[in-house]
Amino acid sequence: MTPANLAATVLTATRAVFVARGLDAAVLPETTTVERPRNPEHGDYASTLALQLSKKVGVPPRELAAALAEELGRQPGIKSVEIAGPGFLNIRLDAAAAGVLARDIVLAGPEYGHTGRLAGQRINLEFVSANPTGPVHIGGVRWAAVGDALSRLLRASGAEVGTEYYFNDAGSQIDRFAKSLLAAARGEPVPEDGYGGAYIGEIAAQVRERVPDADSLETFREIGVELMFAEIKASLAEFGVHFDTYFNEKDLHARGELDEALERLREQGHTFEADGATWLRTTDFGDDKDRVLRKSDGDWTYFAADCAYYLDKRKRGFDRVVIMLGADHHGYVGRMKAMSACFGDDPAVNLEILIGQLVNLVRDGEPLRMSKRAGTVVTLEDFVDALGVDAARYALARYSSDSQIDIDIDLWTRATRDNPVYYVQYVAARTANVARNAAEVGLTRGEPDDFQPGLLAHEKENDLLKALGEYPAVVASAAELREPHRVARYLEEVAGAYHRFYDKCRVLPMGDEPITDLQRARLWLNDATRTVIANGLALLGVSAPERM
RNA sequence: GCGCUCGUAGCUCAGCGGAUAGAGCAGUGGACUUCUAAUCCACCGGUCGCAGGUUCGAAUCCUGCCGGGCGCGCCA
């Protein structure tokens with residue numbers, strides 16, 4: 001029995017009690033959940049439904065709980081139901097009812113944990129979006145890991161997802177980049193406001209390799225951007241991140257989408273003219289100040305392009321536009337939300353802006369700021385060079401994006417318990433190893449129908465089963481809350497439960513002992529664990545090694 | 001000044017209104033003739049920044065302070 005099944009059973013039993021007692025069934029929720037109490041004395045699962053409903057129907061919580069407990073106790077698979085505290089229902093399952101989960105998980109395989117929770121939603125995810133003026137730096141790195149994990153989570157939850165990288169290869173940043181390249185090629189010093197990392201010299205040299213007599217700004221701009229962007233894509237690819245769409249701001253201008261956006265905003269009545277410029281009255285929707293769309297010199301502002309880009313995404317059918325920004329851009333949230341409202345959208349539904357706090361790479365307690373390539377910032381390549389792809393992705397995805405984090409290079413490259421990614425990956429390797437050894441001695445799971453779930457009655461087996469059962473709910477809530485770190489934390493919990501199971505419950509026969517049904521049942525559990533760990537790591541873009 | 005965000009064990013961090021607030025590290029003490037100990041077990045460690053409020057119940061929600069980070073252009 002899965003937690004979801006049990007929750008449904010609780011609700012069914014509650015409905016039966018309501019009917020029997022003539023209570024108003026209209027107050028019953030559509031769905032409910034059961035919790036997994038930390039304290040084993042509180043049962044395998046607990047429901048707070050009696051507490052939630054008692055006031056609504058005017059029945060004292062413990063009295064309502066007693067009625068629910070009696071009805072629930074009659075349901076198949078449930079061993080006992082106790083009332084505790086103000087009206088908690090503490091539920092214990094039959095070992096067999098709990099154990100079948102192992103088989104369900106193995107049979108579901110890579111699909112285990114996938115739900116239709118977000119079915120019908122069309123979600124656009126924009127992240128990284130670094131302009132091709134240098135390597136992807138620290139602000140983009142966190143979102144490369146978290147945004148990519150989020151896209152996998154949302155897809156696993158049934159949403160239709162489009163990932164997107166937005167860039168501008170025609171603006172003044174690019175001018176400075178091109179001027180820096182040209183100066184480097186000519187052996188001149190870095191221009192004022194130019195870019196100074198070592199990569200500038202490398203790219204400049206590559207441009208000269210391709211066009212030996214290159215000496216125009218235009219040549220360096222065109223080829224330099226091409227080379228830089230290819231490099232960004234390559235380092236993202238090495239990191240395991242691919243985008244469905246690379247969106248260039250130039251295309252918005254070329255297609256006249258800024259004019260169109262302005263027209264739409266004007267129709268909605270939120271624009272005005274002042275000081276020779278065209279403004280959007282974002283203060284109508286809570287922004288600090290109104291924003292200029294078209295400057296008095298006739299040029300568009302960057303914000304105008306943001307408006308057009310948002311409209312473009314909406315026109316492409318995305319009902320939820322998610323944009324991931326670094327903390328240094330959080331000042332844009334107000335105007336972006338207001339802009340969405342100005343289009344007539346509901347910013348609470350149609351536009352989500354996620355702000356990721358800053359990341360420091362730390363070595364020996366000192367922040368690592370120097371980069372050979374980019375000069376003063378830490379790049380994606382620095383991360384991968386220092387930690388490797390798996391540890392880098394896991395380290396970035398393991399923490400709430402709301403908190404600033406320090407990533408200790410020494411910790412994340414260690415092969416011990418303190419390194420969470422090794423701790424989790426070691427379970428993947430251990431389960432694979434047990435499966436290999438089992439095959440060698442002729443131990444197989446056997447046919448699904450011959451599986452005897454009731455044999456999985458050991459405390460550590462029960463703990464592991466309960467942990468594995470949480471997986472679908474963890475994935476769904478991580479997707480809904482846009483918080484991939486929940487998956488990582490959960491995997492660490494499963495890893496702990498498996499290591500404790502491994503320590504206490506031997507799967508393989510000793511010496512030439514005959515093979516028993518218990519060992520076969522444990523092999524189901526072993527393989528179910530591997531399924532959950534592999535599925536969860538896949539959501540984070542981290543490998544589940546067969547051996548370590 | 002205004003806004004966003006964070007403040008939980010010595011350190012790094014979990015905890016989408018539930019029971020006695022958790023994990024790892026650090027510290028102390030244990031477990032390897034093993035299914036690879038890259039593991040496991042025990043002990044130690046807390047005014048959940050402070051003060052109010054909401055309610056059966058608050059680390060969690062609301063308000064005000066205090067402290068850290070970041071941001072407040074007709075820049076891109």
Side-chain angles (χ1 to χ4, degrees), chain A residues 35 37-39 41-42 46 48 51-52 54-55 60-61 84-88 90 131 133 168 171-176 249 274-279 286-289 291-305 326-335 353 355 357-358 362 365 398-408 411 414-420 422-423 425-427 429-431 433-438 440-441 443 460 477-478 480-481 483 485-486 488-490 492-493 495-496 498-510 519 522 526 547-548:
Chain A
E35 294 167 22
R38 205 161 265 289
N39 186 341
E41 288 173 20
H42 297 150
T48 58
L51 287 167
Q52 292 163 34
S54 81
K55 182 171 277 184
F88 293 101
N90 292 338
N131 264 346
T133 56
N168 172 354
S172 66
Q173 285 184 24
I174 298 287
D175 285 339
R176 302 210 302 265
E249 182 190 337
D275 305 327
T278 303
W279 299 68
D287 194 14
D288 308 341
K289 56 191 78 164
R291 307 290 171 176
V292 172
L293 291 168
R294 182 146 39 187
K295 296 184 263 184
S296 50
D297 66 4
D299 283 351
W300 294 103
T301 60
Y302 194 83
F303 178 61
D328 52 342
H329 286 82
H330 77 251
Y332 296 130
V333 174
R335 79 194 68 167
I353 299 179
I355 299 298
Q357 298 297 318
L358 301 181
V362 171
R398 174 176 198 258
Y399 303 97
S400 161
S401 300
D402 288 338
S403 25
Q404 303 174 40
I405 50 171
D406 294 330
I407 293 182
D408 184 322
L411 170 74
R414 220 172 283 160
T416 56
R417 173 75 179 89
D418 19 334
N419 181 345
Y422 276 87
Y423 186 69
Q425 285 187 311
Y426 186 47
V427 171
R430 257 191 165 173
T431 52
N433 196 48
V434 167
R436 272 193 304 272
N437 291 342
E440 261 178 43
V441 299
L443 168 61
K460 300 303 178 195
S477 72
E480 284 168 7
L481 295 167
E483 292 185 348
H485 76 274
R486 288 168 185 275
R489 301 294 176 153
Y490 164 79
E492 290 166 28
E493 196 181 310
Y498 179 79
H499 285 310
R500 287 186 284 275
F501 157 77
Y502 181 95
D503 196 56
K504 286 285 188 290
C505 303
R506 193 182 166 91
V507 177
L508 303 184
M510 293 280 258
Q519 286 152 359
R522 284 178 173 169
N526 179 78
R547 303 170 192 275
M548 287 173 72

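These values consider heavy atoms only, across backbone and side chains, with no hydrogens, waters or symmetry-generated copies.
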Round to the nearest Å and state the distance from Arg417(A) atom CZ to rA38(B) atom P. 13 Å
Which part of the nucleic acid, if any, lies within reach of Arg486(A) when heavy atoms closer than 4.0 Å are counted: base, sugar-phosphate only, or nothing? base
Hey, does Asp175(A) reach any base, or is it just sugar-phosphate, or nothing, if we go heavy atoms under 4.0 Å? nothing
So, OP1 or OP2 of rG3(B): does either fall under 4.0 Å of a side-chain N or O from Lys289(A)? no
Could you tell me whether Ala415(A) contacts a base, only the sugar-phosphate backbone, or nothing, with contacts defined as non-hydrogen atoms closer than 4.0 Å? base
Ala305(A) backbone acceptor or donor facing Trp300(A) side chain under 3.5 Å: no
Looking for any heavy atom pair under 4.0 Å, which part of the strands does Asp406(A) touch: base, sugar-phosphate only, or nothing? sugar-phosphate
With C1' as the reference atom in both, quote the distance from rU20(B) to rU63(B) in angstrom, rounded to an integer. 30 Å
Do the side-chain N or O atoms of Asn437(A) get closer than 4.0 angstrom to the phosphate oxygens (OP1, OP2) of rU36(B)? yes
Whole-angstrom distance between rU39(B) and rC25(B), as gauged at atom P: 9 Å
Pick base, sugar-phosphate or nothing for Ser296(A), based on heavy-atom distances below 4.0 Å to the nucleic acid. base
Please determine whether a side-chain nitrogen or oxygen atom of Arg291(A) lies at a distance below 4.0 Å from atom OP1 or OP2 of rG73(B). no
Say we look at rC16(B) and rU55(B): how far apart would their P atoms be, to the nearest angstrom? 23 Å
Rounded P spacing from rG10(B) to rG69(B) in Å: 22 Å
Regarding Asp418(A), tell me which of base, sugar-phosphate or nothing describes its non-hydrogen contacts under 4.0 Å with the strands shown. sugar-phosphate
Return no unless some side-chain N or O of His329(A) is found under 4.0 Å from OP1 or OP2 of rA76(B). no
Indicate, with a heavy-atom threshold strictly under 4.0 Å, whether Leu51(A) touches base, sugar-phosphate, or nothing. base
For Tyr423(A) and rC40(B), is the shortest distance between a side-chain N/O and OP1 or OP2 below 4.0 Å? yes
Taking atom P in both rG46(B) and rG22(B), what distance in whole Å separates the two? 14 Å
Which part of the nucleic acid, if any, lies within reach of Ala84(A) when heavy atoms closer than 4.0 Å are counted: base, sugar-phosphate only, or nothing? base
Base, sugar-phosphate, or nothing: which does His42(A) touch, judged by heavy atoms less than 4.0 Å apart? base
Please give, in whole Å, the distance from rU39(B) C1' to Glu492(A) CD? 16 Å
Contact under 4.0 Å: Ser403(A) side-chain N or O vs rA14(B) OP1/OP2: yes
Hey, does Arg398(A) reach any base, or is it just sugar-phosphate, or nothing, if we go heavy atoms under 4.0 Å? nothing
Using a cut-off of strictly less than 4.0 Å, decide whether Arg500(A) has a side-chain nitrogen or oxygen near OP1 or OP2 of rC41(B). yes
Using modelled atom types only, decide if a donor and an acceptor are shared between the side chain of Thr301(A) and the backbone of Leu293(A) within a distance under 3.5 Å. yes
How would you label the contact of Tyr399(A) with the nucleic acid (heavy atoms, under 4.0 Å): base, sugar-phosphate, or nothing? sugar-phosphate
Give me the distance, rounded to whole Å, that separates rA31(B) from rG67(B) when you measure between the C1' atoms they each carry. 45 Å
